[in-house]
Protein chains: 2
Amino acid sequence: MPRFRVPEVTVERLSIYLRALKKFSDDRIISSQDLAEIVGTTDAQVRKDFAYFGEFGIPGQGYRVGKLKEEIIHILALDKKWNLALVGVGKLGSALLAYPGFRREEFKIKLAFDVDPGKIGKIIEGVRVEDAKRIPEILSSNQIEVGIITTPAEVAQEIAEKLVEGGVRGILNFAPVRLVIPENIKLKNVDLSMELETLVYFLSR
Amino acid sequence: MPRFRVPEVTVERLSIYLRALKKFSDDRIISSQDLAEIVGTTDAQVRKDFAYFGEFGIPGQGYRVGKLKEEIIHILALDKKWNLALVGVGKLGSALLAYPGFRREEFKIKLAFDVDPGKIGKIIEGVRVEDAKRIPEILSSNQIEVGIITTPAEVAQEIAEKLVEGGVRGILNFAPVRLVIPENIKLKNVDLSMELETLVYFLSR
DNA sequence: TAGATTGTTAATCGATTAACAATC
DNA sequence: TAGATTGTTAATCGATTAACAATC
């Protein structure tokens with residue numbers, strides 16, 4: 001569907017545009033300038049981002065909010081339902097199980113895994129916790145597309161391999177470690193320590 | 001100290017290099033190629049990143065791990081202690097209060113804030129929870145440099161303003177909203193929904 | 001000295017910004 | 001028609017990569 005190779009930052013901005021658009025009624029018309037202002041970019045950037053995927057606007061007018069929302073939802077593949085599994089039901093993992101941004105129509109955390117016998121078999125935040133040893137086996141029979149890793153760094157690589165074995169096609173990794181996985185698997189890292197360290201760098205100048 | 005304007009991605013990589021270096025003994029010599037391999041970049045990138053800040057290597061040999069670690073620690077200003085405050089002691093906020101990456105020598109979450117009277121006055125994960133109304137007042141008397149926002153999106157802007165009023169110089173924002181703050185305040189956003197949405201985009205191709 | 005790797009400059013690549021013809 | 005804003009091409013900017021003289 002995209003006309004050319006799409007930069008990752010463009011996809012990230014589409015997600016931001018979509019969130020902004022949800023605040024407006026579907027029949028309102030919004031210009032690239034208005035939208036740029038709201039999300040903190042430029043009108044040229046907004047138009048360029050959309051241009052990777054098609055022509056969604058009305059020259060001389062702007063973009064119809066309802067139509068634009070639909071298009072972005074389709075581009076981001078949020079018009080289908082994604083099944084997720086989370087591994088590592090510690091404090092951060094439990095918080096993410098309950099996180100509203102992960103609990104939406106489009107996303108369903110179907111399974112959680114942990115190694116702690118005290119947690120296995122329990123239901124935490126509405127999700128049943130299974131034995132992490134059984135990841136490949138249980139995933140295969142559940143059509144899970146995305147794995148979320150919230151384990152300690154030391155075991156994250158091993159868990160990633162089990163997730164891949166179980167058939168996930170994407171991994172969202174919160175463990176502070178660079179995972180090595182097959183290149184056909186999409187990996188996104190959320191590196192909280194790095195964010196904080198980068199922040200204080202800029203404060204020290 | 002930096003010779004030129006430093007790209008943000010370079011600072012982010014310094015944080016990653018540092019984490020990798022911690023696994024080696026101080027007197028070992030490591031080449032830019034070795035380090036690049038470990039963190040998944042190129043030797044040229046590694047050398048270029050360091051070159052913004054000085055000459056830390058030995059031509060013909062490589063970098064002494066101990067020396068390189070010290071230099072990066074100094075660059076990132078991790079040789080001083082940073083005082084943090086966290087606002088919004090929900091599930092995510094509580095998880096971050098306990099997060100090992102935020103609980104280190106260099107970082108001290110001194111205060112937490114919430115609006116819930118059931119939480120105010122309590123001690124959660126070792127941190128005393130104060131009334132969010134009193135942010136400016138309490139921060140001023142506590143030398144807090146960094147604020148972490150883990151509130152719902154609707155109140156995040158208002159909280160950001162109170163943090164700025166209280167004198168923070170940097171904000172790490174987990175609320176899914178683009179904050180508007182003075183430009184002398186450094187803002188980093190951690191946007192979990194965006195990460196997940198971007199991930200599934202790539203799975204849908 | 002020969003071999004290896006740094007630090008730096010120049011070349012390349014890719015993303016952002018500017019400009020404007022097309023179109024409502 | 002006049003005014004406004006899109007979609008797209010070209011210009012600019014900035015980061016990555018390649019190449020190599022300097023140096024251990």
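Chain letters run A, B, ... following the sequence lines, proteins first and then strands; every chain starts at 1. Atom set for the values below is all heavy atoms of this structure, side chains included, hydrogens, waters and symmetry mates excluded.
A salt bridge links B/Lys188 with B/Glu8: at least one charged nitrogen is closer than 4.0 Å to a carboxylate oxygen. Using a 4.0 Å cut-off between charged nitrogen and carboxylate oxygen, B/Arg103 and B/Glu125 do not count as a salt-bridge pair. In summary, A/Arg19 and B/Glu197 do not engage in a salt bridge, as defined by a charged side-chain N under 4.0 Å from a carboxylate O.
Distances shown here put a side-chain N or O of B/Thr42 below 4.0 Å from the OP1 or OP2 atom of D/dT17. For the OP1/OP2 pair of C/dA15 and a distance below 4.0 Å, the side-chain nitrogens and oxygens of A/Gln45 include no atom meeting the criterion. In this model, the phosphate group of D/dG14 is not approached by any side-chain N or O of B/Arg5 to a distance below 4.0 Å at OP1 or OP2.
Comparing A/Ile58 and A/Asp49 by the nucleotide of DNA chain C that holds the closest heavy atom to each, the one mapping nearer the 5' end is A/Asp49. Nearest-nucleotide positions on DNA chain C for A/Pro59 and A/Val6 put A/Val6 closer to the 5' end.
Rounded to an integer number of Å, the gap from B/Phe53 CZ to C/dG7 P is 14 Å. One can place CZ of A/Arg64 at 18 Å from P of D/dT5, the figure rounded to the nearest angstrom. Look at NZ on A/Lys67: it is 13 Å from C1' on D/dT6, rounded to the nearest Å. Atom pair B/Leu68:CG and C/dT5:C1' shows a separation of 14 Å (rounding to whole Å applied). Nucleotide C/dA15 holds its C1' atom 14 Å from the CD atom of A/Glu12, rounded to whole Å. Per the geometry, CZ belonging to A/Arg47 stands 12 Å off P belonging to C/dA19, to the nearest Å. Between the C1' atom of D/dG7 and the NZ atom of A/Lys48 lies a distance of 10 Å, rounded to the nearest Å. Counting to the nearest Å, the C1' atom of C/dT8 and the CG atom of B/Asp43 are 14 Å from each other.
Base pairing in DNA chain C gives the following stems of 3 or more Watson-Crick or G-U pairs, range against range and under 3.5 Å: C:3-24 with D:3-24.
Rounded to the nearest 0.5 angstrom, B/Asp26 CG and B/Lys69 NZ are separated by 4.0 Å.
No hydrogens or angles considered: a donor-acceptor pair under 3.5 Å links the side chains of A/Gln157 and A/Glu161.
Contact annotation for A/Thr10: no contact, since no heavy-atom pair falls under 4.0 Å across all strands. Residue-level contact check: B/Tyr63 touches the backbone only, with heavy atoms under 4.0 Å from sugar-phosphate atoms and none from bases.
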Next item on the list: Could you check B/Trp82 against A/Leu203 for side-chain contact (heavy atoms from CB on, under 4.5 Å), going step by step and ending with a plain yes or no?
Entry: CA-CA 10 Å; B/Trp82 296 91; A/Leu203 304 191; 3.8 Å; yes
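Side-chain contact between B/Val6 and A/Tyr201 is present, with at least one heavy-atom pair separated by less than 4.5 Å.
Each of D/dC24, C/dT16, C/dT8 was ranked by its minimum atom distance to the side chain of A/Val9; first place goes to C/dT16.
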